[in-house]
Amino acid sequence: MKKIKGIIDRFEEGFAVVEIEGETKNYPKDIFPKDTQIGDVVYITGDKVEIDKSETKKLAKEIEDLMNEVWKIKLPY
């Protein structure tokens with residue numbers, strides 16, 4: 001069975017909405033570990049889900065760095 005890498009986008013009415021290669025797909029929320037959060041990197045194999053905490057931290061750092069670069073204020077003096 002194929003292992004699918006995705007990122008938790010949001011939770012809606014019993015579903016986890018997972019972004020996979022730029023598209024979203026709904027999965028039953030009850031197949032995810034109870035501590036799954038928005039932004040977690042997950043690997044889905046059938047009805048088994050693993051959270052990759054190290055990949056999640058790496059992604060969060062990349063996003064934070066990008067936001068800091070975008071919002072960097074350059075004063076004119």
Novice: Using side chain to side chain contact (heavy atoms under 4.5 Å, CB included) as the criterion, point out the one residue from Ile51, Ile7, Val18 that pairs with Asp40.
Specialist: Ile51

Novice: Show the numbers, then the answer: is there a salt bridge (charged side-chain N to carboxylate O under 4.0 Å, His left out) between Glu12 and Arg10?
Specialist: CA-CA 7 Å; Glu12 292 182 352; Arg10 64 187 179 277; 2.6 Å; yes

Novice: Can you measure from OH (Tyr27) to CZ (Phe32) and round to the nearest 0.5 angstrom?
Specialist: 7.5 Å

Novice: List the steps and the verdict of side-chain contact (heavy atoms from CB on, under 4.5 Å) for Lys48 and Met1.
Specialist: CA-CA 11 Å; Lys48 303 276 191 241; Met1 194 167 280; over 6 Å; no

Novice: Is there a side-chain contact (heavy atoms from CB on, under 4.5 Å) between Val42 and Glu50? Walk through the geometry before answering.
Specialist: CA-CA 6 Å; Val42 294; Glu50 299 172 60; over 6 Å; no

Novice: Kindly say whether Asp52 contributes a backbone atom to a donor-acceptor pair with the side chain of Thr56 at under 3.5 angstrom?
Specialist: yes

Novice: More than 12 non-hydrogen atoms from neighbouring residues, nucleotides or ligands closer than 6.0 Å to CD on Glu21, yes or no?
Specialist: no

Novice: What distance do Ile63 atom CD1 and Leu59 atom CG have between them, rounded to the nearest 0.5 Å?
Specialist: 4.0 Å

Novice: Distance from Ile38 atom CD1 to Phe11 atom CZ, nearest 0.5 Å?
Specialist: 6.0 Å

Novice: Does Glu19 come within less than 4.0 Å of Lys25, counting only side-chain N to carboxylate O?
Specialist: no

Novice: Give, for atom NZ of Lys57 and atom NZ of Lys61, the distance between the pair rounded to the nearest 0.5 Å.
Specialist: 13.5 Å

Novice: Answer yes or no: does atom NZ of Lys58 have more than 12 heavy-atom neighbours from other residues, nucleotides or ligands under 6.0 Å?
Specialist: no

Novice: Once you round to the nearest 0.5 Å, how far does NZ of Lys2 lie from OG1 of Thr45?
Specialist: 11.0 Å

Novice: Minimum heavy-atom separation for Ile8 to Ala16, with atom names?
Specialist: CD1-CB, 4.5 Å

Novice: Lys29 vs Glu13, test: salt bridge (charged side-chain N to carboxylate O under 4.0 Å, His left out). Steps then yes/no.
Specialist: CA-CA 9 Å; Lys29 189 176 178 181; Glu13 299 181 19; over 6 Å; no

Novice: Nearest heavy-atom pair of Lys5 and Ile20: which atoms, and what distance?
Specialist: O-CG2, 3.8 Å

